[in-house]
Amino acid sequence: MSALNTFSYDVLVIGAGGAGLRAAIEAAGQGVSVGLICKSLLGKAHTVMAEGGMAAAMGNVDDRDNWKVHFADTMRGGQYVNNWRMAELHAKEAPDRVRELEAWGAVFDRTPDGKILQRNFGGHRYPRLAHVGDRTGLELIRTLQDHTVYLGVTVHMEHTVIDLLMDEGRVAGALAYDRERGRFHVFSAKAVILATGGVGRAYRVTSNSWEGTGDGHGLAYRAGAELIDMEFVQFHPTGMVWPPSVKGILVTEGVRGEGGVLKNSEGNRFMFGDIPDNYKPQTAADAEEGWRYTQGDKTARRPPELLTRDHVARCIMREVKAGRGSPHGGVYLDIAWIKEKIANAPEHIKRKLPSMYHQFKELADLDITKEPMEVGPTTHYIMGGIRVNADTQESTVPGLFAAGECAAGINGANRLGGNSLSDLIVFGKRAGEYAAAQAKTQRAPRINDAAIDAAMKKSLEPFDRGHASGNPYTVQSDLQDTMQDLVGIVRLENEMQEALTRLAALNERAASAGVDGHREYHSGWHTCLDLRNLLAVSEAIARSAIERKESRGGHFRDDYPDKDPAFSLFNVAVALDATGAMRVSRIPIPEMPAELKQVIEDQKQ
């Protein structure tokens, strides 16, 4: 170990998206030393793909909005298996976090009287998403990145963490390698915050960037932390479907928030034909009322295109399977039609949705001001993740915190659009605050040299085996097909059991996969190391989905198509048992306080 680069911090943050940057800022502001590890370059996190806005009940566009409405919307969207305390904190604290970003230099779109503009989004009763055109995630990252650099946080770019280091049951740091040269680095820390994002690369069709390999989920799981809600995977209803090279790239919900409509090949707005009973009182009766809602009419109700993502995605798949899809296996999303309603519609669309206009023009040679887009569901987000304390964000492993997509609780069975960006900054702040406070009370951790040597040796085994022993890329490709085909939008018991059988075989293939050459920028070697996390999260998704014998939110089972009230009383959890196998259990959901129950009842009116 003496030859290794070793770094020591009070707080180590793994992941430099919105949650990781906000956690680093808060911890640094508490006066502790902070190290920040990011898998790619600073500023390139997947957060930039969250385009539509961040949900915060500021009431700038509709003064009827407040934290209670936001809380009720979040709980209903999550089918009431959310961590209600996290949903409460998020709804109450999001407005202050947004205004904080503004104070740090974020440039938001504005109302005529100069307030932060808010737009409509799926599942939200009122216009709630503070936004910067359709580039909100990029503005969030830019602002937080600048503030992180200003505070002097040490950033380790293009580093990937292999394993967490432990000291008598408490997290003590991490072992990582740099992607440039393949050198190992040891990071010692009194507290560690995981903010590594999602797991989308376990699926064939995904909006996630290459970093989304479930690193934080896998690291926490192997360290002994519990994962919950892993069966709840969100398939965003609108991803690009053509050309094949861009299949899965996100098409922001903001298109529908600005008046875009979904149509099948027969020209019908099919969403009007399938509105869930609990949403009917708040859904437009016809197309005209839906249009008025998108234009700010407070007397109008939202169009069905702005129902929750899980429902819209399933409706799209129903149209495709019924033979009413678009030529390339999706449906049509049309924003060009608004020329019937407003003058200078092309200029209006380009101003409101500049990234979408550019994306389709450059990647599909399609002008969205003139033609409808072809869209279909894409793996976008996982509601499941590391089980954390609602107030502190600490996991079930002492000293290990988590925030953002890799942490679970706030979203329950389905995340509302726009809640992700405000989730990052609300709980990123809390993770940084409590991790720093805990670090101040802890002694310097002891680093286990033998554990480090063993982890490095295991990481280099693919070079010992050589490429002839198995190709890691084909293992990942077969994994993606398995998850897409057998544990996708619509699930069946026998198919998920088949997935587990295939995953066991894929684990064996991954253990024998090898590479040749040197360690510098070796993407094949990186894939070998990523597979350990991808396979762990895939097994967790499949086992959790088998355990939940009902349909709820992002988890839909054709063999159990209805919700079962008995399954609303617990979260499904997985953890590593003493034999090294994955243990599945049920964690009862604590009873919600009477005052929060009343909030939900009041909002049903």
Side-chain angles (χ1 to χ4, degrees), residues 1 6-16 19-38 83 86 153-154 156 159-176 185-197 215-228 385-409 427-452 455 533 536 573-576:
M1 179 182 153
T6 303
F7 303 90
S8 180
Y9 299 104
D10 292 321
V11 175
L12 178 66
V13 182
I14 302 172
L21 289 172
R22 187 62 188 84
I25 288 169
E26 190 64 25
Q30 300 291 327
V32 300
S33 61
V34 180
L36 177 64
I37 296 176
C38 53
N83 182 315
M86 289 182 75
V153 172
T154 304
H156 301 269
H159 283 56
T160 300
V161 175
I162 299 169
D163 271 317
L164 295 176
L165 304 177
M166 306 299 293
D167 178 7
E168 296 181 351
R170 180 180 177 82
V171 72
L175 173 66
H185 305 271
V186 173
F187 293 85
S188 169
K190 298 174 182 177
V192 173
I193 302 171
L194 294 172
T196 53
D215 294 6
H217 295 73
L219 290 169
Y221 172 73
R222 291 194 299 276
E226 287 182 323
L227 308 181
I228 62 169
I386 302 160
R387 183 186 177 198
V388 294
N389 176 281
D391 290 87
T392 68
Q393 297 299 107
E394 188 172 15
S395 74
T396 51
V397 173
L400 180 63
F401 298 75
E405 189 173 353
C406 73
F427 294 109
K429 176 192 181 298
R430 281 184 164 268
E433 175 185 352
Y434 285 94
Q438 192 174 113
K440 291 178 181 179
T441 68
Q442 295 297 316
R443 60 165 173 80
R446 292 183 292 264
I447 300 299
N448 186 328
D449 291 355
I452 292 172
N533 298 323
V574 299
L576 197 62

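No hydrogens, no waters, no symmetry mates; every other heavy atom, side chains included, goes into these values.
Ala439 and Ala191 get closest at one heavy-atom pair: CB-CB, 4.5 Å. Between Leu194 and Ala220, the shortest heavy-atom contact is CD1-CB, 3.9 Å. Here the closest heavy-atom approach between residue Ala403 and residue Cys406 is recorded as O-SG, 3.7 Å. Scanning all heavy atoms of the two residues, the minimum distance from Ala408 to Ile228 falls at CB-CG1, 3.6 Å. The shortest non-hydrogen separation linking Ala575 to Tyr221 is C-CE1, 3.5 Å. Between Gly169 and Val397, the closest heavy-atom pair is O-CG1, 4.0 Å.
The main-chain N or O of Glu394 is never found under 3.5 Å from a side-chain atom of Asn389 such that the two would form a donor-acceptor pair. The backbone N or O of Glu226 sits less than 3.5 Å from a side-chain atom of Thr396, completing a donor-acceptor pair. One N or O on the side chain of Ser33 and one on the backbone of Asp10 form a donor-acceptor pair closer than 3.5 Å. Arg446 places no side-chain N or O within 3.5 Å of a backbone atom of Asp167 that could act as its donor or acceptor partner. Remark: the backbone N or O of Gly432 is not paired with any side-chain donor or acceptor of Arg22 at under 3.5 angstrom.
At a threshold of 4.5 Å between non-hydrogen side-chain atoms, the residues Arg222 and Asn533 count as touching.
The distance from the CD1 atom of Ile193 to the OG atom of Ser395 is 11.5 Å, given to the nearest 0.5 Å. Asp163 CG to Leu175 CG: the interatomic distance, rounded to the nearest 0.5 Å, is 7.0 Å. Here the CZ-OG1 distance, from Phe7 to Thr154, works out to 9.0 Å after rounding to the nearest 0.5 Å. Considering CG of Leu12 and CG of Leu164, their distance stands at 9.0 Å, rounded to 0.5 Å. Glu433 contributes atom CD, which lies 6.0 Å from atom CD of Gln30 (distance to the nearest 0.5 angstrom). Here CG of Asn448 is found 11.0 Å from CE of Met166. Values are rounded to the nearest 0.5 Å.
Aromatic rings of His156 and His185 (six-membered ring for Trp) have centroids beyond the 6.0 Å cut-off, not under it.
Considering Asp215, Val161, Leu36 as possible partners of Ile14, the one that fulfils the side-chain contact (heavy atoms from CB on, under 4.5 Å) test is Val161.
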*Run the numbers on Leu165 and Val186 for side-chain contact (heavy atoms from CB on, under 4.5 Å), then give the verdict.*
CA-CA 9 Å; Leu165 304 177; Val186 173; 4.0 Å; yes
*Give the intermediate values and the outcome of side-chain contact (heavy atoms from CB on, under 4.5 Å) for residues Met86 and Val388.*
CA-CA 10 Å; Met86 289 182 75; Val388 294; 4.2 Å; yes
